[in-house]
Undergrad: 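To start, I am sharing the structure in question, which I have written as structure tokens.
This one's a predicted model, so the numbers in the text were calculated from it and none came from an experiment. Counting convention: from 1, in listed order, for ligands and their atoms alike. Quick note: numbers below take in every heavy atom, side chains included, and nothing from hydrogens, waters or symmetry partners.
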Amino acid sequence: MKFELSQRFWFDAAHTLDREIEREGSLRIHGHTYHAEVFVEGVRNPRTGMVMDLGHLRRELAAVRDALDHRLLDEVPELGPPTLENLCVFIARKLSPQVPVTAVRVWRESVGDSCKLTLPPQPQADGTN
Ligand SMILES: Nc1nc2c(c(=O)[nH]1)N=C([C@H](O)[C@H](O)COP(=O)(O)OP(=O)(O)OP(=O)(O)O)CN2
Ligand SMILES: [Zn+2]
């Protein structure tokens, strides 16, 4: 049996974005509240009954949030242009290799847009995936 767990967090951040349309407003520094959800997938450890302890995931996400919250995203190392796509990749890469992440979604409620990065399932310790 395979299970999918998820954990959400949010952060407030500023950015600019170099776009072909709506350039002027996008190039001015402005802020958004971003929401993110990280999905992990796997089988239960028979001893713990868990795919992974959600407390560990919460700790990992607190560190990721710290790298993004109240920041000017244009200046965040390794992010690149501060798009939803790059935020998904950044969050996935910040998680330690032990986290069996299969997807990351980032969205802005106020604008109504959303981006989901889907990753291939990681091999499990018991050889399944
Ligand atoms: N493929 C993508 N396209 C666009 C992205 C993106 O991340 N990936 N991002 C944007 C803009 O940032 C987004 O549309 C928000 O627009 P913005 O000018 O930043 O803010 P608004 O004024 O529209 O929204 P408010 O939060 O209400 O101020 C565009 N395309
Ligand atoms: Zn914006």
Undergrad: Can you tell me which residue and heavy atom of the protein come closest to atom 17 (P) of ligand 1, and the distance to 0.1 Å?
TA: H30 NE2, 3.7 Å
Undergrad: Can you tell me which residue and heavy atom of the protein come closest to atom 14 (O) of ligand 1, and the distance to 0.1 Å?
TA: D113 OD2, 3.7 Å
Undergrad: Kindly state if atom 8 (N) of ligand 1 has a protein heavy atom within a strict 4.0 Å cut-off, that is, under 4.0 Å?
TA: yes
Undergrad: Any Lys/Arg nitrogen of E75 or R71 sitting under 4.0 Å from an Asp/Glu carboxylate oxygen of the other?
TA: no
Undergrad: Which of the atoms in ligand 1, numbered in the order shown and given with their element, are less than 4.0 Å from a heavy-atom of L84?
TA: 6 (C), 7 (O)
Undergrad: State the OG1-CG distance between T83 and L17, to the nearest 0.5 angstrom.
TA: 7.0 Å
Undergrad: Could an N or O of ligand 1 be found under 3.5 Å from any N or O of P82, whether backbone or side chain?
TA: no
Undergrad: Are there over 12 heavy-atom neighbours, none belonging to R44, within less than 6.0 Å of that residue's CZ?
TA: no
Undergrad: Identify, by atom number and element, the atoms of ligand 1 in contact range of S110, meaning under 4.0 Å from any of its heavy atoms.
TA: 26 (O)
Undergrad: What protein heavy atom is closest to atom 13 (C) of ligand 1, reported as residue, atom name and distance in Å?
TA: R108 NH2, 3.2 Å
Undergrad: Tell me: protein heavy atom nearest atom 20 (O) of ligand 1, and distance?
TA: H32 CE1, 3.3 Å
Undergrad: Please report the interatomic distance NE2(H32) to CG(L84), rounded to the nearest 0.5 Å.
TA: 8.5 Å
Undergrad: Is any side-chain heavy atom of L5 closer than 4.5 Å to one of L57?
TA: no
Undergrad: With the threshold set at 4.0 Å, does a side-chain nitrogen-carboxylate oxygen contact exist between K2 and E41?
TA: yes
Undergrad: Thinking salt bridges, do D18 and R23 make one under a 4.0 Å N-O criterion?
TA: yes
Undergrad: Closer than 3.5 angstrom, by distance alone: can the side chain of H15 be matched with the main-chain N or O of P82 as a donor-acceptor pair?
TA: yes
Undergrad: Kindly say whether G80 contributes a backbone atom to a donor-acceptor pair with the side chain of N86 at under 3.5 angstrom?
TA: no
Undergrad: Ignoring hydrogens and geometry, is there a side-chain-to-backbone donor-acceptor pair from E37 to V104 under 3.5 Å?
TA: no
Undergrad: Side chain, backbone, both or neither: which part of V111 comes within less than 4.0 Å of ligand 1 when only heavy atoms are counted?
TA: side chain
Undergrad: Closest non-hydrogen protein atom to atom 18 (O) of ligand 1, residue and atom name please, with distance?
TA: S26 OG, 3.6 Å
Undergrad: Specify side chain, backbone, both or neither for L17, according to which of its non-hydrogen atoms lie closer than 4.0 Å to ligand 1.
TA: side chain
Undergrad: Counting only heavy atoms, which portion of E85 has something under 4.0 Å from ligand 1: side chain, backbone, both, or neither?
TA: side chain
Undergrad: Using 2.8 Å as the cut-off, note every protein N, O or S atom close to the Zn ion (ligand 2).
TA: H15 NE2, H30 NE2, H32 NE2
Undergrad: Would you confirm whether any non-hydrogen atom of the protein falls under 4.0 Å from atom 11 (C) of ligand 1?
TA: yes
Undergrad: Taking the side chain from R65 and the backbone from W10, do they hold a donor-acceptor pair closer than 3.5 Å?
TA: yes
Undergrad: Return a yes/no value: protein heavy atom under 4.0 Å from atom 28 (O) of ligand 1?
TA: no
Undergrad: May I ask you to check whether over 12 heavy atoms, not counting those of R108, lie within 6.0 Å of atom CZ?
TA: yes
Undergrad: Under 4.0 Å from a heavy atom of H15: give me the atoms of ligand 1 that qualify, with their elements.
TA: 12 (O), 19 (O)
Undergrad: Roughly how far apart are L95 CG and F90 CZ, rounded to 0.5 Å?
TA: 10.0 Å
